[in-house]
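Note that the structure is a prediction, hence the values are computed from the model and not measured.
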2 protein chains.
Amino acid sequence: MARKTKEEALATRNLLLDTAEHLFSSQGVANTSLHEIAETAGLTRGAIYWHFDNKSDLLTALWERVAASLRASFDGEDSEHGQDDPLGKVRLKASYKSRHIESSPQIRALLTILMLRCEFTKETHSAGEYFLREREHAYACVRKDLDRAIAIGQLPASVNAEQAAIGLFGLIDGLCFHWLINPSRFSITTTTLTAIDAYLAGLSQTPSVR
Amino acid sequence: MARKTKEEALATRNLLLDTAEHLFSSQGVANTSLHEIAETAGLTRGAIYWHFDNKSDLLTALWERVAASLRASFDGEDSEHGQDDPLGKVRLKASYKSRHIESSPQIRALLTILMLRCEFTKETHSAGEYFLREREHAYACVRKDLDRAIAIGQLPASVNAEQAAIGLFGLIDGLCFHWLINPSRFSITTTTLTAIDAYLAGLSQTPSVR
DNA sequence: GATGATACATACATTCTTGTATGTATGCAA
DNA sequence: TTGCATACATACAAGAATGTATGTATCATC
């Protein structure tokens, strides 16, 4: 086989991405060789090295494939219908995000890779960096919403916004982590929502000391 | 150099464990070779293969070194002073665990390895299994406490114990995860306590629908 | 329809890592 | 004090993975 048309080349590229995503998420990044990816895809390493620089670059490409979608799912509803309801906004964001993770196998696979199947070393450096940066962005959003909630009285002024944001963030992340380990155990969408509701309710009730 | 006394041999073994713990937690398990561990410890791979079967066995030994301590920190206070206060018990347990994680570099390093620096593949299989089993145990404890809390009216009967336990567990885990990524950002002990208080307060307030 | 760039496959060299086999000096027991 | 097991170090073999260099058929362009 030799040169394909542009569409065919793009198809092989996507096939490689799909194959890598599947193998990475099921066996781990370091434990998957480029040879295995190529062979599983019915190709050779030549194809991989044509489309990507190395394993790290391949992983980065996996990230870039879903990054836009992930970001959109989180702050897509940032400026909804004019109402000033930061707490509701946070709730909605978390809901959208969970639903997205639960419904998109691609996002689920990538999160599995980044949270459970890679080591954040040189090999995974750039993708890991992007992931951490995305988390920073998400945290900043949550933090801003909580600040606003305190400002307009949705939360008591005694609430420590930073502590509360870290807790909320940890809650969302922890449920995601737990769900990725054992997806059949519960629905991340509904559980995240109920848990967040409880947490926010607790925040507005107890004037969390200090 | 040749044969040492038993104490010296034990010291060597511990040196290897310490070195491996440090390298694993800072560079990742797959990214650290046995040669590097031996060299860093001022020894050779011969020493490693004398004390351990392979890398996987070494990792398992790392787990076993702190497993008892970890377990004790979690359900050590299971039967305290007779009082029937399951919610307070959960609070205390989480508090002890966080404090333990924050104060013991060894436990922190091992959790870093298991949550951030390994891939849960064959190489890390047995240690990973132990870790997951430990999590299962912790979850079961939390679940039991929440059941009891509902039974004695500390929480409204409308609370879904399983959902609530998963949420609480996710909260603890998520904060731990977040803290391991960025330990300088906050104190896991105080933040976990305030977050759990908010969550539990919310649980007892809202009769979480469905 | 000749030509160059494309989209890979193949071949090669090198490095890294593991596992094992063997060497060896010494502590300890009889 | 002899003898054996211990606690490693050293040496060796083999495979796996990577990166690169090269081959090659075909698409697109003129």
Atom-to-atom span, [atom1] of [X] to [atom2] of [N] - whole angstrom:
X        : N       : atom1 : atom2 : answer
Trp50(A) : dT20(D) : CH2   : P     : 15 Å
Asp57(B) : dT18(C) : CG    : P     : 14 Å
Asn14(B) : dC8(D)  : CG    : C1'   : 16 Å
Phe52(A) : dA7(C)  : CZ    : P     : 13 Å
Glu7(B)  : dC28(C) : CD    : C1'   : 13 Å
Glu8(B)  : dA7(D)  : CD    : C1'   : 10 Å
Ile48(A) : dA9(C)  : CD1   : P     : 10 Å
Glu36(B) : dT18(C) : CD    : C1'   : 15 Å

side-chain contact (heavy atoms from CB on, under 4.5 Å) with Thr44(A): which residues, sequence neighbours excluded? none

So, Thr19(B) and Thr40(B): side-chain donor and acceptor under 3.5 Å apart, yes or no? no

Less than 6.0 Å separating the ring centroids of Tyr199(B) and Tyr199(A)? no

Compute the ring centroids of His178(B) and Phe186(B), then answer whether they are less than 6.0 Å apart. yes

Assess whether a salt bridge exists between Glu39(A) and Arg45(A), defined as any Lys/Arg side-chain N lying under 4.0 Å from an Asp/Glu carboxylate O. no

Under a 4.0 Å threshold between the charged nitrogen and the carboxylate oxygen, would Arg143(A) count as salt-bridged to Asp147(A)? yes

Protein proximity profile, nucleotides 13-19 of chain D - base contact B, sugar-phosphate-only contact S, no contact -, cut-off 4.0 Å on heavy atoms: ----SBB

side-chain N/O His51(A) vs dC8(C) OP1/OP2, d < 4.0 Å: yes

Is there a side-chain contact between Thr12(B) and the phosphate of dC8(D), meaning an N or O under 4.0 Å from OP1 or OP2? yes

In this structure, CZ of Phe120(A) is separated from CE of Met115(A) (nearest 0.5 Å) by 8.5 Å

For Ser95(A) and Arg99(A), what are the C-alpha separation, side-chain angles and deciding distance, and is it a side-chain hydrogen bond (donor to acceptor under 3.5 Å, both in side chains)? CA-CA 6 Å; Ser95(A) 167; Arg99(A) 203 187 313 273; 3.0 Å; yes

Would you say the side-chain atoms of Gln27(A) pair up with the backbone N or O of Thr121(B), donor to acceptor, closer than 3.5 Å? no

Can you pull out how bent the helix from dG1(C)-dC30(D) to dA30(C)-dT1(D) is, comparing the axes over its first five and last five pairs, to 10°? 10°

